[in-house]
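Every number for a ligand or one of its atoms is a count from 1 in the order of the listing.
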Amino acid sequence: MPEFGSDSSFPTEEPVCIGIDLGTTHSLVSVFRDGKPELISNAHGEKLTPSIVGVLQDGQIVVGSAARELRVTAPERCAWVFKRYMGQERKLKLGDKEFTPHELSSLVLQSLRDDAAAQLNTEITDAVITVPAYFNDHQRTATRLAGEMAGLNVRRMINEPTAAALVYGFHAREDEKNLCVIDLGGGTFDVTVMEVFEGTLEIRATAGESMLGGEDFTDRMVSAVLSGEDTQLELAELQQPLRVSRLRGECEKAKRLLSKEESCKIRLPDKDGNFAEKPKTYRLTRADFSRMCDPLMQRIAGPIARALRDAELDPKEIDDVILVGGSTRMPVLRDFVIDYFGKPPIIDHDPDEVVALGAAVQAALIGQDAAVDDMVMTDVCPFTLGVEVVKEFGGHMQDGYFKPVLHRNCTIPVSREEVFSTVAANQTNVTLRVFQGDARKVADNTALGQLEVKGLPPGPAGSPIYVRFTYDLSGVLEVEAYAPGGERFRTVLTNHVHQLSPAQIEEAKRRIDALKFYPRDDLDNQKLARFAERMLGELHPSQRQQLDEALDIYEDAMARSDREHFASAKDTLLMVLSSLGLDHEDL
Ligand code: AMP
């Protein structure tokens, strides 16, 4: 892969549009350059930036691997897997600061934007951001808002499996086949069925779950080690947060190891989260772990069957099964594919990288790059979207029923109008409640918000009200309602927490801008401090003192601006770590 230098080949007048895979556990940034998509490294020279945000004792913000190091010793000052809560009105506490999930995502996006700007030596204003296909309207709007707060003009949000398919389509334009992309990330699961022919990529169906991912597989292992069920895991988390946090770290390593080895040993921390010199261990085989994951595999099979049904295809009609997302490295998933589709999956690209590369291909399509001028892509709306209606049963009115306006897996962009009618004579107002889902009753679907339609002209019961749903290429819904000749009312779904006014967005941006980021140059130093701090917790008490002292001197030197003093403090710390056999090379 060519290195980016300061002699960037970007035309200066065109804004550079980057691609961002905003992942649950890690995020990546990419660009389309010289006729192909490429990944951009972060300030540490790594392609994967952990989606973790931390607040240091002095209030400064760290993002990525420095925050990951901090998490091990001070989980209460860090936030991770917040992508799962996107679109929810919850606050996450980091030390004495509170953040919403979209604010935390905006900090990750800002860090990626800065990395891209530094590597490409140009200002970055535009981005394509990927989202799980199964993200609903709230989650997508929250993602767009996070992008805006990070100073990015979000040109398009694109479904993650679609992005992966774009990379395969980019390389195999001449093929004619049916593909199934299975995307199992850290926190979300999507499946997409598509057809490729003569440079056209037609998404036929998408299904998934936004609360199922690799983290659930790790959690099952943690629960098994604690020899309890999920509820006991939650209880243990409350009672012994450091122990569970460290055990989860060990289980995460074990899970990855079991993707290569037949069995492994998990080190067990004591109740305070410390490891003894010879810690107790728990032996786990790959077969046991696979059995443990049975209930999760059943949840995975459901959406795959549904997507195939919607695409009117049999498993055997799928030519290639493509795996995306770090969790598809698990043998249990690969065995499942062989069982279900009767063929092994195709793994041409690194499952961690392919979504970000696809975002760069989408950026090229938006920018009409000559390298993609023979490619066309069509996507679908993954959900059924509709409104609540009242039904009449023998003169008795019963509300709470769901009437679809857009059917799941219709090709987007789409705009469709349905006629509804008033229930009472001279009815002047209607509250249009909007839902997503396939259940007959709205109570079993997801509420997206409501639209107040006021000032209807007087008329008999049954007077028409037109309702139009428009779903754009980024998967954002607009609802419009009107009576013939009356005023038109547009979206602003009122319980929609993220429909902020431009002034409110500006205010949110100012709040984020006011946060002090840890200086980028110092990130590696910061990471070293967090690593040493973490190692301290793992050492035998007799070895602690030496490292403790070196760390004190190092942190003190970091706070001062004397270069020479700092360099010698850093050398000392590195020497102490080496003498204790602690490998900081792969930090
Ligand atoms: P994401 O960042 O959303 O793509 O998800 C990364 C997920 O992949 C995390 O849950 C990791 O635990 C999981 N993962 C990464 N590498 C492996 C591996 N070798 N075996 C099993 N799971 C993995």
Side-chain angles (χ1 to χ4, degrees), residues 19-30 39 42 46-53 63-65 67-68 71 80-86 101 104-105 108-109 112 129-135 139 143 159-161 163-164 167 181-191 208-222 245 247-264 266 284 286 289-290 292-293 296-297 300 322-337 345 347 349-359:
I20 294 179
D21 169 7
L22 185 60
T24 307
T25 52
H26 56 252
S27 299
L28 296 94
V29 56
S30 61
L39 295 174
N42 63 21
E46 297 152 352
K47 292 187 179 125
L48 270 62
T49 297
S51 305
I52 307 177
V53 176
V63 175
S65 41
R68 185 178 52 198
R71 179 179 68 174
W80 61 99
V81 298
F82 39 84
K83 179 172 171 181
R84 282 194 161 180
Y85 311 121
M86 283 293 268
L104 293 165
S105 294
V108 174
L109 291 171
L112 297 170
I129 303 179
T130 63
V131 287
Y134 231 63
F135 251 24
Q139 293 163 310
T143 305
N159 294 333
E160 287 162 9
V167 177
V181 181
I182 294 178
D183 180 356
L184 187 64
T188 54
F189 165 61
D190 285 327
V191 51
E209 250 198 64
S210 62
M211 283 289 192
L212 174 61
E215 301 297 312
D216 298 285
F217 287 78
T218 312
D219 276 358
R220 285 210 81 86
M221 199 189 287
V222 178
S245 156
L247 179 59
R248 182 172 280 117
E250 294 300 305
C251 287
E252 176 64 33
K253 280 191 228 157
K255 182 179 78 172
R256 288 168 191 250
L257 207 61
L258 288 179
S259 297
K260 284 189 266 170
E261 314 276 335
E262 284 299 329
S263 72
C264 71
I266 302 166
L284 187 63
R286 182 190 283 178
F289 178 51
S290 295
M292 246 173 232
C293 300
L296 298 175
M297 292 315 297
I300 282 177
I322 297 163
L323 299 185
V324 181
S327 301
T328 56
R329 290 199 178 89
M330 288 186 296
V332 63
L333 205 277
R334 297 188 177 193
D335 293 345
F336 168 85
V337 168
I347 310 148
H349 297 275
D350 185 327
D352 285 328
E353 298 181 354
V354 63
V355 169
L357 292 170

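For the salt bridge (Lys or Arg N to Asp or Glu O under 4.0 Å) test, no residue two or more places apart in sequence or in another chain qualifies with R71. Under the salt bridge (Lys or Arg N to Asp or Glu O under 4.0 Å) criterion, E215 pairs with no residue at all, not counting sequence neighbours.
Here the side chain of S51 pairs a donor or acceptor atom with the backbone of G23 at under 3.5 angstrom. Using modelled atom types, one side-chain atom of R220 and one backbone atom of M292 make a donor-acceptor pair closer than 3.5 Å.
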Kindly indicate, with the supporting measurements, whether the criterion side-chain contact (heavy atoms from CB on, under 4.5 Å) is fulfilled by L112 and T49. CA-CA 8 Å; L112 297 170; T49 297; 3.9 Å; yes
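Closer than 4.0 angstrom to ligand 1 by heavy atom are T24, T25, H26, G185, G186, G214, E215, E252, K255, R256, S259, G326, S327, R329, M330, sorted by chain and number.
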May I have the list of side-chain donor-acceptor pairs in residues 324-332 shorter than 3.5 Å, sequence neighbours left out?
from : atom 1 : to   : atom 2 : distance (Å)
S327 : OG     : G185 : O      : 2.8
S327 : OG     : G214 : N      : 3.4
T328 : OG1    : G325 : O      : 2.7
R329 : NH1    : D352 : OD2    : 3.1
R329 : NH2    : D350 : OD1    : 3.0
R329 : NH2    : D352 : OD2    : 3.1

